[in-house]
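What follows is one structure encoded as structure tokens, with my remarks underneath.
Quick caveat: nothing in here was measured; it's all calculated off a predicted structure.
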Amino acid sequence: MTPISPTAVARLMAREEARFLAANPNSVALAGRARHSLFGGVPMHWMSDWSTPVPLFVSQAQGARFTDVDDHDYVDFCLGDTGSMFGHSPLPVAEAIARQAYLGLTTMLPGEDAVVCGELLAERFGLPLWQVAATATDANRYALRWARAITGRSVVLVFDGCYHGTVEETMVRLREGKTVARSGLIGMGSDPALASRVVPFNDPAALEAALAPGDVAAVLCEPAMTNIGMVLPDPGFHHTLRELTRRHGTLLIIDETHTLSTHPGGCTRAWSLEPDLLTLGKAIAGGLPCAVFGFTQEVASGMAAAQDRAASGHGHSGMGTTLSANAMVMHALRANLTRVMTQAAYAHMLHEARRLAEGLRRLIERHALPWSVTELGARCEFQFCPAPPRTGAEAEAAFDDPLQRALHLYLINRGILITPFHNMMLCCPETRSEQVDQLLTTLDEAIAALLAGDGLDA
């Protein structure tokens, strides 16, 4: 779906790889050294999945910028794939970490911060009761466990192309009308398709048919899909989703880990959603490992009843980790909720993201490319298809991995980082208009070079 030739992409990629290796000797040296002690040369294997020929090693990050070990400065539109949605090391969070560092890191007991955070979360998101986990994956996993316990049902329903961390039940796709395990999974104890059912996003008929057997404990969904390529809900889709789940006695879990970029209360407040449970992670404590999940009073009553049924002596729910809700993250969570995630911060983020999306559309039109732009709050994405996709399958079909990797590396070599794996960009409270313009100008140069057909760098 593009007039850019594969030959031009390959030539540009080769030139950009050579440029990166020449300009980043310290990253190259660290990568070689790391291979002797870190599997794949990185502390977590997916850190080597960027478009760079070796990992890019970072020395420091602040606000919307970071510096690598070769002293190159970058404007960051990836922001830790949402983990630093509000900028790297927001000052109120950094100050909270410094204060708490001398007052205890973890005690497995609550402090006043926990009470204040519960009150702040209830006020902000509209769900009365909350629990704290270490990651969004954990929060989603616990929410599903509670849903099964409350309903007595076993099946989980997700949307094709969904993203909910590494929850086993969500590692599935829809292929030829059947739920199957995602490709590439390693070491699964059982086939995740046995516990899950998948339907296309924005397909009410398929959703109703999947709920009809009456065995679905919960639907777990993002308000808008964000990881397969951004996919927005059709008008009325969430109303239908809520009506159908209630009709079939199925709990609705909304995962706002990425869509928190839309509004201080997420899409849940912006779109007046009515989930039974709500999960949030990554950015909620300013970038520290922390996640939360909230729920209605009715769900809380069901949770208490499930605990009563399960109790026999000293039982164990199988949920929670020792460092969940530790003193350090609770103090950071409080600071982030009160002093970072403000209306003013969101107003700035949304303004810059809107400028970025409009600039991308002008760029695409100027080059007569059959591409489109999807925007959601403080994030936007250009996609290699003429109209924004409506399902995960449509978004996936628009992927062009060689082209994407070449564009990403071109940007990295000129001091700009966007999210790997797809073309998502996120604006934080520290993102400036001139940085947005820098991204647009550099991407324009990359596309012009590719359209010239020779891959020459600009």
Nearest heavy-atom neighbours spanning [X] and [Y]:
X      : Y      : answer
Val329 : Pro289 : CG1-O, 3.5 Å
Ile416 : Gln438 : CD1-O, 3.7 Å
Pro223 : Ile254 : CG-CG2, 3.6 Å
Met171 : Thr166 : CE-CA, 4.0 Å
Gly286 : Pro90  : O-CD, 4.0 Å
Ala291 : Ala139 : CB-CB, 4.0 Å

Hey, are the side chains of [X] and [Y] touching, using non-hydrogen atoms and a 4.5 Å cut-off?
X      : Y      : answer
Leu21  : Val28  : yes
Leu157 : Leu220 : no
Gln131 : Val292 : no
Val219 : Leu244 : no
Cys290 : Ile284 : yes
Phe382 : Ser372 : no
Phe57  : Asp68  : no
Thr7   : Arg11  : yes

Between [X] (side chain) and [Y] (backbone), is there a donor-acceptor pair under 3.5 Å?
X      : Y      : value
Asn24  : Ser27  : no
Glu17  : Thr52  : no
Trp371 : Ala368 : no
Asp444 : Leu440 : no
Asp160 : Leu174 : yes
Asp70  : His72  : no
Thr257 : Gly281 : yes
Ser324 : Gly320 : no
His263 : Thr268 : no
Asn202 : Thr391 : no

Go through the steps to decide whether Met328 and Ile97 satisfy the test side chain to side chain contact (heavy atoms under 4.5 Å, CB included), and finish with yes or no.
CA-CA 6 Å; Met328 175 68 80; Ile97 292 171; 3.8 Å; yes

Which distance, rounded to the nearest 0.5 Å, do you find between the [atom1] of [X] and the [atom2] of [Y]?
X      : Y      : atom1 : atom2 : answer
Phe66  : Ser59  : CZ    : OG    : 9.5 Å
Ile412 : Thr442 : CD1   : OG1   : 12.5 Å
Asn336 : Thr338 : CG    : OG1   : 8.0 Å
Leu451 : His367 : CG    : NE2   : 6.5 Å
Leu417 : Met425 : CG    : CE    : 11.5 Å
Cys221 : Phe237 : SG    : CZ    : 7.0 Å

Scan the side chains in residues 184-201 for donor-acceptor partners under 3.5 Å anywhere in the protein, sequence neighbours excluded, and list what turns up.
{"unit_1": "Asp191", "atom_1": "OD1", "unit_2": "Ala193", "atom_2": "N", "d": "2.9"}
{"unit_1": "Ser196", "atom_1": "OG", "unit_2": "Glu169", "atom_2": "O", "d": "2.5"}
{"unit_1": "Ser196", "atom_1": "OG", "unit_2": "Pro192", "atom_2": "O", "d": "3.3"}
{"unit_1": "Arg197", "atom_1": "NH1", "unit_2": "Ala210", "atom_2": "O", "d": "2.8"}
{"unit_1": "Arg197", "atom_1": "NH1", "unit_2": "Asp215", "atom_2": "OD1", "d": "2.9"}
{"unit_1": "Arg197", "atom_1": "NH2", "unit_2": "Asp215", "atom_2": "OD1", "d": "3.4"}
{"unit_1": "Arg197", "atom_1": "NH2", "unit_2": "Asp215", "atom_2": "OD2", "d": "2.9"}

What's the verdict on side chain to side chain contact (heavy atoms under 4.5 Å, CB included) for Tyr163 and Asp255, showing C-alpha distance, side-chain angles and the deciding distance?
CA-CA 9 Å; Tyr163 178 70; Asp255 179 352; 5.9 Å; no

Any pair with a residue in residues 375-384 that passes side chain to side chain donor-acceptor pair (under 3.5 Å), sequence neighbours left out, goes on the list, sorted by first then second residue, please.
Thr82-Arg379, Ser261-Arg379, Arg361-Glu375, Thr374-Gln383, Glu381-His422

Residues 218-241 vs side chain to side chain donor-acceptor pair (under 3.5 Å), sequence neighbours excluded, gives Glu222-Thr226, Thr226-His258, Asp234-Arg390

Report the C-alpha distance between Tyr142 and Val167 in whole Å, list the side-chain angles of each, state the deciding distance to 0.1 Å, and finish with yes or no for side chain to side chain contact (heavy atoms under 4.5 Å, CB included).
CA-CA 10 Å; Tyr142 303 157; Val167 176; over 6 Å; no

Heavy-atom count check: over 12 atoms from other residues, nucleotides or ligands less than 6.0 Å from Glu434 CD?
yes

Tell me if the CZ atom of Arg99 is crowded by more than 12 foreign heavy atoms within 6.0 Å.
yes

Residues in salt bridge (charged side-chain N to carboxylate O under 4.0 Å, His left out) contact with Arg432, at least two apart in sequence or another chain
Glu430

Output all residues satisfying salt bridge (charged side-chain N to carboxylate O under 4.0 Å, His left out) with Asp81, sequence neighbours left out; order by chain, then residue number.
Lys282

Look at [X] together with [Y] and state whether they make a salt bridge at an N to O cut-off of under 4.0 Å.
X      : Y      : answer
Glu396 : Arg175 : yes
Arg355 : Glu352 : yes
Glu95  : Arg339 : yes

Think Arg414 forms a cation-pi with Tyr410, using NZ or CZ under 6.0 Å from the six-ring centre and within 45 degrees of its axis?
yes

Assess the side chains of [X] and [Y]: does a donor N or O sit below 3.5 Å from an acceptor N or O?
X      : Y      : result
Thr279 : Glu256 : no
Thr262 : Thr259 : no
Arg269 : Ser272 : no

Which residues pass the ring-ring contact (aromatic ring centres under 6.0 Å, His included) test with Trp50, sequence neighbours left out?
none

Would you check if the distance from the ring center of Phe293 to the ring center of Phe125 is below 6.0 Å?
no

Leu277 and Leu252: CA distance, side-chain angles, deciding distance, side chain to side chain contact (heavy atoms under 4.5 Å, CB included) verdict
CA-CA 6 Å; Leu277 299 99; Leu252 176 60; over 6 Å; no

